[in-house]
Amino acid sequence: MSLLYKFFLGILIAKIIFVLAFVGIFGEARLIWSDSAAYLNIGRNLWSGYGFVSSGGDPLIYTPNTIRTPIYPAIIGFFDRFVPHGLAVVSFLQAALAAFAAVLIYKLALRFLDHRWALGVTLVASFEPLISVIHILIMPEILLLVFILLFLDSFLRYLDDRRISDLLLVSLWLGIATMIKPAALYLFVVPLFFLIKDYIFSYVRSEKRSNKLLRLFVFLGVMVLLLFPWAARNYVTAGVIGVTTDDAANICGWTLSGILATKHRLDASNFDVLYAHPEYQEQVKRCTSTGAALKLFAAEYPVDFAKTMFLSSIAMLTNDGYAAFFEKAPAEEKRPDQWEAPVKIHHNYLTPAVFTNRDWPARFLAAAQELRPHERVAVIVGKLFWLLILFFALLSAWQLVIKQHSLPAFFLFLVIVYFVAAAVITNAYGVGARLRFSVNPLLLLFAGIGAHNLFNNIFRSPLHFLKNTPNILGYDGKR
């Protein structure tokens with residue numbers, strides 16, 4: 001039995017035990033969270049013969065859905081309709097996917113670290129509490145992550161050997177990832193950048209350019225073939241050709257209101273106030289697409305847009321995610337000595353989003369005091385952990401990408417930048433730890449590289465460390 005197979009089985013057994021404990025304690029219904037109900041609604045309608053539609057209202061109305069992509073709703077709808085305790089079965093299958101993802105993360109980490117540190121990065125990426133919970137909830141994140149990891153593995157192998165078979169796999173995995181969740185839709189620009197760079201450099205090196213051009217067409221052609229049928233379906237259904245028609249809803253809601261919250265020092269969590277603001281009512285009319293929104297933000301709110309993006313990025317990268325789970329309904333918060341329950345403090349008051357408020361210190365303290373002592377400890381530990389991860393990841397990225405010019409590291413760094421940018425541009429202060437899920441393994445990998453080299457320098461050669469503080473990560477330039 002190979003080491004990787006044993007590793008897969010070990011992670012799988014641990015994940016299955018976790019699913020059994022979760023379902024046994026909380027019940028199968030608690031597997032539904034956040035967008036789960038929307039995916040399940042579409043899946044049930046699909047396998048009931050109504051097509052890819054959302055349903056709701058009284059009387060019941062079926063509306064063609066052109067926002068979601070089909071793979072995940074089809075999967076969970078099938079199990080829910082035809083398999084007893086189908087949602088629990090889906091959760092067990094996602095546990096198996098989490099174990100497979102762990103193997104892919106381990107293989108990726110071995111490119112930069114020795115096996116012990118690679119194992120450490122993988123275990124953290126598999127068993128950090130919030131990550132473990134998201135693995136088993138009825139959400140597409142773990143399925144998306146598996147195909148993103150396959151995409152990363154295939155493109156890194158392509159960078160090693162420039163085999164066109166690896167490039168075909170890159171297009172295949174990326175196309176499937178996009179059909180799982182549109183968050184991956186524009187990720188193709190990252191490998192496209194490297195392919196265009198190779199084509200341009202072929203002029204300088206006097207290499208055969210037809211081969212480089214062929215690779216460009218192969219990569220884009222496979223992507224188009226995979227995505228075109230669904231884009232055509234959306235065109236027939238909604239008159240818009242595209243994988244998703246959710247082009248402006250988030251950016252003209254979450255992001256525009258977030259920018260106005262930054263500008264006027266308003267509560268970024270109070271959407272009733274923000275959406276009723278006269279300036280929002282005026283500007284949302286001009287916000288007709290992602291392109292129009294970005295043009296509006298850059299032209300009329302350049303400083304506030306930049307501040308919002310910065311604070312949102314920090315909020316996303318350092319969000320522990322636990323505070324959202326610890327939020328309670330008003331009835332739960334009522335103490336015996338109170339006539340009525342207090343107003344629920346939004347968990348965003350525990351993130352950099354709180355700085356949009358003029359009275360941010362009071363709101364931050366109120367949110368912290370609302371947590372029970374053990375909840376407060378969990379939130380503090382979680383935030384400190386992700387702050388350290390961000391610190392070491394940035395140090396590592398600086399050394400690998402800027403100073404050592406590592407092509408694989410540069411590629412992985414661009415993938416992180418893509419997912420962070422896509423999340424904060426379309427969600428602003430609405431970003432949370434869940435939106436970081438697809439890049440958690442890469443953040444942890446970069447942090448592991450930085451911690452590994454810093455650790456070796458401190459404990460292996462203290463004098464060398466003191467004499468060479470500008471280069472404390474100690475990269476040898478061979479990675």
Side-chain angles (χ1 to χ4, degrees), residues 1 3-37 39-40 72 75-76 79-80 83-109 118-149 180-181 319-327 372 374-375 377-379 381-383 385-386 389 432-445 448:
M1 186 181 293
L3 177 62
L4 281 179
Y5 186 65
K6 291 178 181 177
F7 182 57
F8 170 80
L9 284 181
I11 299 289
L12 177 60
I13 290 170
K15 291 293 180 182
I16 288 175
I17 292 172
F18 181 66
V19 174
L20 288 170
F22 185 94
V23 175
I25 294 171
F26 300 109
E28 190 174 336
R30 290 297 294 271
L31 295 172
I32 304 295
W33 180 70
S34 188
D35 293 336
S36 303
Y39 287 110
L40 189 57
Y72 194 71
I75 292 172
I76 62 173
F79 281 94
D80 180 73
V83 180
H85 301 286
L87 296 185
V89 174
V90 169
S91 188
F92 282 112
L93 291 175
Q94 290 183 183
L97 284 175
F100 180 55
V103 172
L104 295 174
I105 294 168
Y106 180 68
K107 289 177 63 180
L108 177 63
L119 179 61
V121 166
T122 305
L123 291 177
V124 174
S126 300
F127 293 108
E128 189 272 337
L130 186 66
I131 292 174
S132 293
V133 171
I134 293 178
H135 280 162
I136 67 168
L137 295 176
I138 305 302
M139 298 289 291
E141 267 70 13
I142 182 58
L143 185 60
L144 173 66
L145 177 62
V146 165
F147 283 95
I148 292 298
L149 290 170
I180 294 169
K181 196 172 181 182
N319 197 318
D320 59 283
Y322 308 140
F325 283 99
F326 293 149
E327 278 194 328
R372 298 184 180 103
H374 69 278
E375 295 172 344
V377 170
V379 169
V381 171
K383 288 189 181 300
F385 172 78
W386 285 106
I389 294 300
R434 179 169 71 92
L435 297 181
R436 191 184 59 225
F437 186 82
S438 296
V439 293
N440 277 340
L442 300 184
L443 289 171
L444 292 166
L445 172 60

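- None of Thr122, Leu149, Ile148, Leu145 except one satisfies the side chain to side chain contact (heavy atoms under 4.5 Å, CB included) rule with Leu104; the exception is Leu149.
- A donor-acceptor pair under 3.5 Å links the side-chain atoms of Lys15 to the main chain of Ser126, judged by distance alone.
- Of all heavy-atom pairs spanning Trp386 and Asn319, the tightest one is CD1-O, 3.9 Å.
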Run Val146 and Phe100 through side chain to side chain contact (heavy atoms under 4.5 Å, CB included) and show every step you take.
CA-CA 8 Å; Val146 165; Phe100 180 55; 3.8 Å; yes
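- A search for side chain to side chain contact (heavy atoms under 4.5 Å, CB included) contacts involving Gln94 returns Tyr72, Val90, Ile142, not counting sequence neighbours.
- The side chain to side chain donor-acceptor pair (under 3.5 Å) contacts involving residues 138-148 comprise Glu141-Lys181, Glu141-Arg434, where partners must be two or more places apart or lie in separate chains.
- Nearest heavy atom pair, residue Gly86 against residue Glu28, reads N-OE2, 4.1 Å.
- Considering all non-hydrogen atoms of both residues, Pro441 and Ala125 come closest at CA-CB, 4.5 Å.
- From Leu40, atom CG reaches atom CD1 of Ile138 across 8.0 Å, with rounding to the nearest 0.5 Å.
- Nearest heavy-atom pair, Leu144 versus Ser438, reported as atom, atom and distance to 0.1 Å: CD2-OG, 3.6 Å.
- The minimum heavy-atom distance between Tyr322 and Gly382, with the atom names listed, is CE1-CA, 3.9 Å.
- Side-chain contact check for Phe7 versus Ile11: some heavy-atom pair is nearer than 4.5 Å.
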